[in-house]
Enquirer: 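Structure in structure tokens, see below.
In each ligand, atom 1 is the first atom listed, and ligand 1 is the first ligand listed.
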Amino acid sequence: MQTPRILVFDSGLGGLTVFREIAKAIPDADFAYAADDAGFPYGAWAADNLVWRVVAVMRRLVAETSPDLAVIACNTASTLVLPHLRAAFPHLPFVGTVPAIKPAAERSRSKMISVLATPGTVARDYTRDLIAAFAAHCSVRLVGSENLARLAEDFMHGAAVADEAIAREIAPCFVRDADARTDKVVLACTHYPLLLAQFERLAPWPVEWIDPAPAIARRVVQVLGDRTDLACSGARRDVRPKGPGHAIFTSGARPAPALARILHTFGLNAVDCAPMPVDRQAAR
Ligand code: DGL
């Protein structure tokens with residue numbers, strides 16, 4: 001049996017919130033974490049250009065890492081690009097990350113939920129369809145944040161992020177209507193759980209912040225479990241946790257020491273990567 005190789009992909013560092021849950025569930029996998037920092041942020045990209053960019057970057061990453069499974073740890077990409085990726089790589093299983101609207105609607109008592117995401121994700125048909133399918137009985141506030149993903153990146157690079165800046169971005173999630181008020185907020189961008197402690201502290205009232213990462217990790221375990229040629233967690237007790245996984249940045253830049261230290265806490269070492277610059281002709 002061979003050790004599963006898993007590629008986790010995001011526009012930046014947000015996918016680490018998904019990666020850490022997968023690494024907990026399958027510690028014996030070989031991991032590559034890839035951030036398209038040259039293309040970050042994805043939230044403002046025009047849809048056609050984003051499809052082109054993600055498929056092009058994945059071509060390189062798949063060729064270089066030969067994964068058994070790829071996780072698109074990005075709502076902005078998954079809500080748009082998954083069918084294109086599946087068509088481009090018919091033999092590679094993909095697990096995506098999409099807004100956790102179904103569990104939020106099921107668990108909400110007030111039936112008032114908010115979806116906090118990038119402007120791209122809130123504009124997607126995919127997101128509207130999830131609401132129609134699973135939350136038609138709820139009042140759903142879609143909040144497209146221009147700045148939170150960038151603030152989360154700053155935080156991960158060791159910069160101080162002002163409370164006021166975060167409070168301003170999350171404020172529209174909190175809605176009152178007569179005696180009822182929002183009780184669930186879907187974290188529909190993988191960057192946002194990185195700021196969860198601040199969200200909780202700055203929230204005008206307590207809500208449940210719904211992070212889909214544990215559910216995505218369960219899905220990865222399930223998909224790999226269907227592969228009898230791979231040794232997955234629990235399948236073989238003698239498989240020891242691997243050494244550090246590889247972190248790849250499409251800018252080709254080496255992470256600064258503060259970020260390198262954080263990556264290390266996630267069990268990742270940055271490796272050299274030939275830059276994959278964004279074609280400047282591609283309007284965002
Ligand atoms: N982390 C990404 C997501 O889940 C998006 C951040 C961005 O690039 O704008 O949507």
Side-chain angles (χ1 to χ4, degrees), residues 7-22 33-47 49-58 61 70-82 85 94-101 104 114-128 130 142-157 161 165-166 169-170 173 185-196 199 209-217 219-220 247-251 259 262-263 266 276 278 282 284:
L7 170 63
V8 181
F9 173 80
D10 182 30
S11 59
L13 300 168
L16 291 171
T17 61
V18 177
F19 166 80
R20 70 184 165 199
E21 292 300 323
I22 302 169
Y33 181 84
D36 185 13
D37 61 332
F40 179 87
Y42 277 180
W45 277 67
N49 293 329
L50 187 57
V51 170
W52 162 81
R53 173 68 183 173
V54 175
V55 173
V57 170
M58 286 300 284
L61 293 170
V71 180
I72 305 302
C74 174
N75 294 262
T76 313
S78 297
T79 49
L80 184 69
V81 185
L82 278 177
L85 289 172
F94 284 91
V95 173
T97 306
V98 298
I101 288 165
S114 292
V115 179
L116 183 59
T118 66
T121 298
V122 299
R124 301 267 188 267
D125 289 345
Y126 193 104
T127 304
R128 312 266 162 174
L130 284 177
L142 285 170
V143 179
S145 166
E146 300 280 348
N147 301 309
L148 272 180
R150 166 78 60 199
L151 293 171
E153 289 278 320
D154 292 349
F155 172 73
M156 292 295 276
H157 283 85
V161 177
I166 292 180
E169 300 292 318
I170 65 171
C173 294
V185 179
V186 179
L187 296 170
C189 168
T190 53
H191 279 73
Y192 301 167
L194 296 168
L195 299 171
L196 183 59
F199 288 0
W209 302 89
I210 300 184
D211 176 2
I216 295 160
R219 179 69 191 141
V220 170
I248 299 164
F249 292 88
T250 59
S251 66
L259 178 58
I262 290 181
L263 290 173
F266 281 85
M276 304 181 210
V278 172
R284 297 219 176 159

Enquirer: What class does the angle between the rings of Phe19 and Tyr33 fall in, given that below 30° is parallel, 30 to 60° is tilted and above 60° is perpendicular?
Expert: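 Judged by the thresholds at 30° and 60°, the geometry between Phe19 and Tyr33 is perpendicular.
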
Enquirer: If every non-hydrogen atom of Ile22 is compared with every non-hydrogen atom of Val8, which pair is closest and at what distance?
Expert: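 Between these two residues, the closest heavy atoms are CD1-CG2, 4.2 Å.
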
Enquirer: Taking side chain to side chain donor-acceptor pair (under 3.5 Å) as the test, write out the residues that go with Thr79, two or more places apart.
Expert: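 Once residues adjacent in sequence are excluded, the partners of Thr79 under the side chain to side chain donor-acceptor pair (under 3.5 Å) criterion are Arg124.
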
Enquirer: Strictly by salt bridge (Lys or Arg N to Asp or Glu O under 4.0 Å), give each pair with a member in residues 13-22 just once, sequence neighbours left out.
Expert: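 Matches after skipping sequence neighbours: Glu21-Lys24.
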
Enquirer: Compile the donor-acceptor pairs under 3.5 Å between side chains in residues 148-157 and protein atoms, sequence neighbours left out, one pair per line.
Expert:
residue, atom, partner, partner atom, Å
Glu153, OE2, Leu13, N, 2.7
Glu153, OE2, His191, NE2, 2.7
His157, ND1, Glu153, O, 2.8

Enquirer: Which parts of the protein, at residue level, reach under 4.0 Å of ligand 1 through a heavy atom?
Expert: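 These residues qualify: Asp10, Ser11, Phe40, Pro41, Tyr42, Gly43, Cys74, Asn75, Thr76, Thr118, Ala149, Cys189, Thr190, His191.
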
Enquirer: Looking only at the side chains, is there a donor atom on one of Asn75 and Thr97 sitting less than 3.5 Å from an acceptor on the other?
Expert: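 There is no such pair between these side chains.
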
